[in-house]
Amino acid sequence: MIAAEPHTRHTAALSGLLQPAWQQELAHAVRDPLELLALLGLTPGQIAPGETAESLQAAAAGFALRVPRSYVARMRPGDPADPLLRQVLPVGAETLTVPGFGPDPLQEGAARAVPGLLHKYQGRALLVTTGACAVHCRYCFRRHYDYEADQETEASRRWSTAITHIAGDASIEEVILSGGDPLSLGNARLAQLLLQIRDIPHVRRVRIHTRTPVVLPSRVDAGLIAALQPVRAQMAIVIHANHPAELDDPTLAALRQLGAACTALLNQSVLLAGINDDAQVLGLLSQRLFEAGVLPYYLHQLDAVAGAAHHGVEDARARQIHAQLAASLPGYLVPRLVREIPGAPGKTPIL
Ligand SMILES: *Cc1c(COP(=O)(O)O)cnc(C)c1O
Ligand code: SF4
């Protein structure tokens, strides 16, 4: 190793201390429901009749609140029904027990091939890279996922076990990085993982499922674009936006950069009562996504996860909204209306 010049050494020490901008932003994310309401000039009583500081805190104790401040800045102050607020605010209804809604709605526990690897779709393996997300979505189907079971081995060992499993199974043509959110990983670890996957001859495609570019656009930095470069030709990225108000100008700019760094940039949404169960809202979402170079992919019916029942939309209403969308947009801006049925080899269309 060549000894560094004193000023270079000083700079290196500094950059070791300084986190990238997105990590600093995450460190300052809002984690307290009452702080979130105060930022928007709201009180618990305005959220729902009978809602109190205690009921919000009880829901947050079951699944913590986490939201970046740049996402809060896209909410309308003083509006208790704001569609972005409603995606992240813990509410008392989450603590109710609802028949049919359980902790592992997709029975993923049964699909764990080796720690950190779910083999539940035909030809595709799903790598649970991390339990961390930039935001906590109240409707998340993995809100009760046992990430600990994936952490039982030290992270690098766990990945090498998963990579070995993929390398040994020639039926796996596509590796999907999932989580949590794979873009919670730093650029160096992500780059290393992508190169390991690229070097497996039978893997033709790599996919990243991530909500981070939408909720924390600063995550799309030069280091991320560089990490994606070696796999650009094989890479599909599926982002997760639910409402056009999420797509402000910095987010659109980040998505355009991301689109240039992969082969396909797609969006999936979850149909959510009181948030986006409206053909006009979803139509605007599709159009805004297109402006950023993103094509709509899936519109999901909610998975029956405990704590999220109040976000559910009836199938009949879902079909009606979808028909309205199809009647008003070109086909390539209409997402497929689907649900995930445990044990099925892929998504099931709702016809
Ligand atoms: C549906 C889904 C997949 C894979 O399904 P495809 O039909 O191959 O797109 C992967 N991850 C998540 C989170 C999904 O919802
Ligand atoms: S970003 Fe995805 S995995 Fe994370 S909480 Fe939201 S829905 Fe769940």
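We count ligands from 1, going down the list as the structure has it; atoms in each ligand are counted the same way.
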> What are the atoms of ligand 1, with element, lying closer than 4.0 Å to any heavy atom of Y297?
Replying inline: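 So the answer, numbered in order with elements, is 6 (P), 7 (O), 9 (O).
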>> Out of all atoms in ligand 1, which are within 4.0 Å of some heavy atom of H300? Include the element for each.
In response: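 Checking each atom against H300, I get 15 (O).
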>> Heavy atoms only: which of R124, K120, K347 lies closest to atom 6 (P) of ligand 1?
In response: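 Checking each option, the heavy atom nearest atom 6 (P) of ligand 1 is found in R124.
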Donor-acceptor pairs under 3.5 angstrom involving side-chain atoms of residues 294-314: please list them, not counting sequence neighbours.
residue, atom, partner, partner atom, Å
H300, NE2, Q268, OE1, 3.3
Q301, NE2, V313, O, 2.9
Q301, NE2, D315, OD1, 2.8

>> Would you say that R211 contacts E246 through its side chain, given a criterion of any heavy-atom pair below 4.5 Å between the two side chains?
In response: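 Counting from C-beta outward, R211 and E246 do come under 4.5 Å.
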> Are any non-hydrogen side-chain atoms of L34 and L56 less than 4.5 angstrom apart?
Replying inline: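 Result yes, sub-4.5 Å side-chain heavy-atom pair found.
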>> Under a 4.0 angstrom heavy-atom cut-off, which atoms of ligand 2 come close to C133?
In response: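 Those qualifying, in numeric order: 1 (S), 3 (S), 4 (Fe), 5 (S).
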> Should we say atom CZ of F101 is surrounded by more than 12 heavy atoms from elsewhere, each under 6.0 Å from it?
Replying inline: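 More than 12 heavy atoms, drawn from other residues, nucleotides or ligands, come within 6.0 Å of this atom.
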>> Below a 4.0 angstrom heavy-atom separation, can you tell me which part of E174, side chain or backbone, both or neither, approaches ligand 1?
In response: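 No part of E174 comes within reach of ligand 1.
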>> Evaluate Y121 for polar contact with ligand 1, using N/O atom pairs at a separation under 3.5 Å.
In response: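 Looking only at distances, the answer is no, because the N/O contact criterion of under 3.5 Å is not met.
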>> With nothing but distance in play, are any N or O atoms of S178 less than 3.5 Å from an N or O of ligand 1?
In response: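 No, no N or O pair falls under 3.5 Å.
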Charged N to carboxylate O under 4.0 angstrom, [X] versus [Y]?
X: E174; Y: R124; result: no
X: D249; Y: R288; result: yes
X: E94; Y: R138; result: yes

> Is atom 6 (Fe) of ligand 2 less than 2.8 Å from an N/O/S atom of C137, whether that atom is in the backbone or a side chain?
Replying inline: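 C137 does place an N, O or S atom closer than 2.8 Å to atom 6 (Fe) of ligand 2.
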> Where is the nearest protein heavy atom to atom 10 (C) of ligand 1: which residue, which atom, and how far?
Replying inline: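 For atom 10 (C) of ligand 1, the nearest protein heavy atom is H209 NE2, 3.4 Å.
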> Of the protein's non-hydrogen atoms, which lies at the shortest distance from atom 7 (O) of ligand 1, and what is that distance?
Replying inline: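 It is Y298 OH, 2.5 Å.
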